[in-house]
Number of protein chains: 2
Amino acid sequence: MNALATQTSFPPYSPQSQAMAVAGPIDIDQLSRHVQILRRKLAPGQHAYRAGQSFHAIYLVHAGFLKTCELSEDGRERVTGFRMRGDLVGVESIGLAHYSCDVVALDDSEIWELPYPPVMHACLYMPELQSRLTAALAEEIRNDRAWMLALGTLSAEQRVAAFLLDMARRHLRLGFSARHFLLRMGRADIASFLGLKHETVTRALTRLDRLQCIEVQRREIRLLDADGLQRMAGQGETIH
Amino acid sequence: MNALATQTSFPPYSPQSQAMAVAGPIDIDQLSRHVQILRRKLAPGQHAYRAGQSFHAIYLVHAGFLKTCELSEDGRERVTGFRMRGDLVGVESIGLAHYSCDVVALDDSEIWELPYPPVMHACLYMPELQSRLTAALAEEIRNDRAWMLALGTLSAEQRVAAFLLDMARRHLRLGFSARHFLLRMGRADIASFLGLKHETVTRALTRLDRLQCIEVQRREIRLLDADGLQRMAGQGETIH
DNA sequence: CGGAGTGTTGAAGCCGCTCAAGGACGGTGG
DNA sequence: CCACCGTCCTTGAGCGGCTTCAACACTCCG
């Protein structure tokens, strides 16, 4: 058993910490003067909300790890993203009477409920909140589009490489090691997100391991050659 | 030569017309009191903007047909969507100094340039503009996610069916026939959008034709069995 | 221990891709 | 008006990557 295995959950969100993944730091202290912020804890497997429930709030992930799932009428399902500390959740349902997707905790998590009409109203008193919110939505679109590009143009192995790099970057942004981390989701969730089957993800991980790019042991990942992964995924930037 | 062939471009946008595809009708008259709106005409192949140009405005499509393209550093490219009358364009770049994608006219088009800092400022005087804008962004996210679900779970033929139904619905919303329309883009653009190759799109269209679901003749499409297409694409709703 | 859940590995098959050729259309210039 | 050209679309044949199906290993927990 190593240090990673005992790191059960991410530390809490604070506005003074690293730049927020999506929205940039939201001034929670100021916001809490205008809206009642409810803290909700979720155990693994619990839903933050489900498609069809009436929309009343967006959420800021304060700790833990969650996935968002898109559902179709005929039962098809797909993971559309993974959320961690600092990410906003629920913004995709703004403007609707009901949430349009499922959000499920993959780990012990805490999310802060920001009741929506009140938040919107608070924007009148906090002009920068409005632009932060809008910027967060735009960022979400860009993020989705970047993945659409990846899923449409990369092979299975390249997608898995890109996925690992994305995880690494986000871990880094939260102050964790980008070279050594635990995946919080199963192979099936990764596969669903990448538009593959879980066996294919396993095989890709095994191959990357054999190529000495990474070391895999179930959910524990060690990046041995991040540059190699980046070349593979067709990305120029480097993880610092 | 038939009626469709002579219908070279879509009629203009007006706030009184059908519900806007993305944002709901924006009150352009009122907005124009606060913001200088510039009308730009584009010929087929011309860019509304390119990735990397400095961001200064979002656009409302007033007439015509455009595509948005995502680009990667290593030259991969993908069409991420098609825009027609009433659609907002450029919102994905809000919060950035530079546009993040390319937008190209596929047809003679007119777009209305809404300078962005001024629009944001106008929101202070037009509170409903802000919520419309936010709702438009959220709608964009849902739209992208719905396609992510489709592309990850449907076969080539099903994707093409879903694509045709989407086109049909959007034509209908603009007051055109949902059963008979002209595709404004080539096979390669459809393929890129659907994560396929152009030959595969051709073959899927040919098969749908043989199955009597549609009639294809180059870019002219006639839906013979919309319900059949819907069942095929795993969607329950009906085009009215 | 045993059983469930999850991850790994193998073998075979299929869907979509690749490569290649030919056809239809639209524009241009003789 | 027709010949020519480039672009777009279509079709075929063969291949390959991912999926499918199946069996087995590992880990966690009762």
Side-chain angles (χ1 to χ4, degrees), chain A residues 1-2 4-6 8 43-45 67 76 78-79 104 106-108 150-164 182-210 214-221 232, chain B residues 1-2 4-6 8 43-45 67 76 78-79 104 106-108 150-164 182-210 214-221 232:
Chain A
M1 178 152 298
N2 58 42
L4 264 192
T6 61
T8 57
K67 65 174 175 181
R76 284 173 295 125
R78 180 158 183 198
V79 175
V104 189
L106 293 171
D107 200 355
D108 286 304
L151 302 189
T153 57
L154 299 180
S155 70
E157 200 169 314
Q158 291 176 309
R159 293 183 208 187
V160 171
F163 171 76
L164 292 176
L182 268 189
L183 298 173
R184 296 326 212 252
M185 74 298 281
R187 299 289 189 264
D189 282 333
I190 301 174
S192 174
F193 177 65
L194 296 177
L196 301 169
K197 298 295 160 183
H198 67 100
E199 297 96 325
T200 308
V201 172
T202 289
R203 279 187 250 269
L205 287 171
T206 307
R207 179 115 50 91
L208 291 175
D209 187 312
R210 292 219 185 92
I214 61 174
E215 246 180 59
V216 201
Q217 224 153 9
R218 306 201 110 236
R219 299 196 177 183
E220 186 178 349
I221 302 288
M232 190 170 295
Chain B
M1 176 151 301
N2 59 42
L4 265 190
T6 60
T8 55
K67 65 174 174 181
R76 285 173 296 125
R78 181 160 182 197
V79 175
V104 189
L106 293 172
D107 201 355
D108 286 303
L151 302 188
T153 57
L154 299 180
S155 70
E157 199 170 316
Q158 290 177 310
R159 293 183 207 186
V160 171
F163 171 76
L164 292 175
L182 268 189
L183 298 174
R184 296 321 211 260
M185 74 299 282
R187 298 289 189 262
D189 282 333
I190 300 174
S192 173
F193 177 66
L194 296 177
L196 302 169
K197 298 294 161 182
H198 68 100
E199 298 97 324
T200 307
V201 171
T202 290
R203 279 187 250 269
L205 287 171
T206 308
R207 179 114 52 89
L208 291 175
D209 186 311
R210 291 220 186 92
I214 61 173
E215 246 179 58
V216 201
Q217 225 153 3
R218 306 203 108 235
R219 300 196 175 182
E220 186 178 350
I221 303 288
M232 191 170 295

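Order of the sequence lines fixes the chain letters, A, B, ..., with proteins taken first and strands second; residue numbering starts at 1 for each chain. These values consider heavy atoms only, across backbone and side chains, with no hydrogens, waters or symmetry-generated copies.
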Mind running side-chain contact (heavy atoms from CB on, under 4.5 Å) on A:V216 and A:T206 for me, showing each step along the way? CA-CA 7 Å; A:V216 201; A:T206 307; over 6 Å; no

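Taking the nucleotide of DNA chain D with the nearest heavy atom to each of A:L196 and A:R218, the more 5' of the two is matched to A:L196. Looking at which nucleotide of DNA chain D each of A:H198 and A:L154 is closest to, the 5′-most match is held by A:L154.
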Below 3.5 Å, can you tabulate the donor-acceptor pairs from side chains in residues 192-204 of chain A to any protein atom, sequence neighbours excluded?
unit_1: A:S192; atom_1: OG; unit_2: A:V79; atom_2: N; d: 2.8
unit_1: A:T202; atom_1: OG1; unit_2: A:H198; atom_2: O; d: 3.3

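Computed from coordinates, the B:R207 CZ to D:dC9 P distance equals 19 Å when rounded to whole Å. The nearest whole Å value for the distance from the CD1 atom in B:I221 to the C1' atom in D:dC9 is 12 Å. Going from atom CD of B:E199 over to atom P of D:dG14 covers 17 Å, rounded to whole Å. Distance A:R203 CZ to D:dC21 C1': 11 Å, rounded to the nearest Å. In this structure, CG of A:L194 is placed 12 Å from P of D:dC18, rounded to the nearest angstrom. One atom, CG of B:D189, and another, C1' of D:dT7, lie 13 Å apart when rounded to the nearest Å.
At a threshold of 4.5 Å between non-hydrogen side-chain atoms, the residues B:R207 and B:E157 count as touching. Within the 4.5 Å cutoff, side-chain heavy atoms of A:L154 are placed close to those of B:R76.
Within 4.0 Å of B:R219, counting heavy atoms only, lie sugar-phosphate atoms of the nucleic acid but no base atom.
Over its length, the helix from C:dC1-D:dG30 to C:dG30-D:dC1 turns its helix axis by 30°, as judged from the five terminal pairs at each end, rounded to 10°.
Where DNA chain C meets chain B (any atom under 4.0 Å from a heavy atom), the bounding nucleotides read 5' to 3' are C:dG16 to C:dC25.
When all heavy atoms of B:D107 and B:R184 are compared, the pair lying nearest together is OD2-NE, 3.1 Å.
Side-chain atoms of A:Q217 stay outside donor-acceptor range of the base of D:dC26, with no qualifying N/O pair under 3.5 Å.
The main-chain N or O of A:Q217 is never found under 3.5 Å from a side-chain atom of A:E220 such that the two would form a donor-acceptor pair. Between the side chain of B:R219 and the backbone N or O of B:L182, no donor-acceptor pair lies under 3.5 Å.
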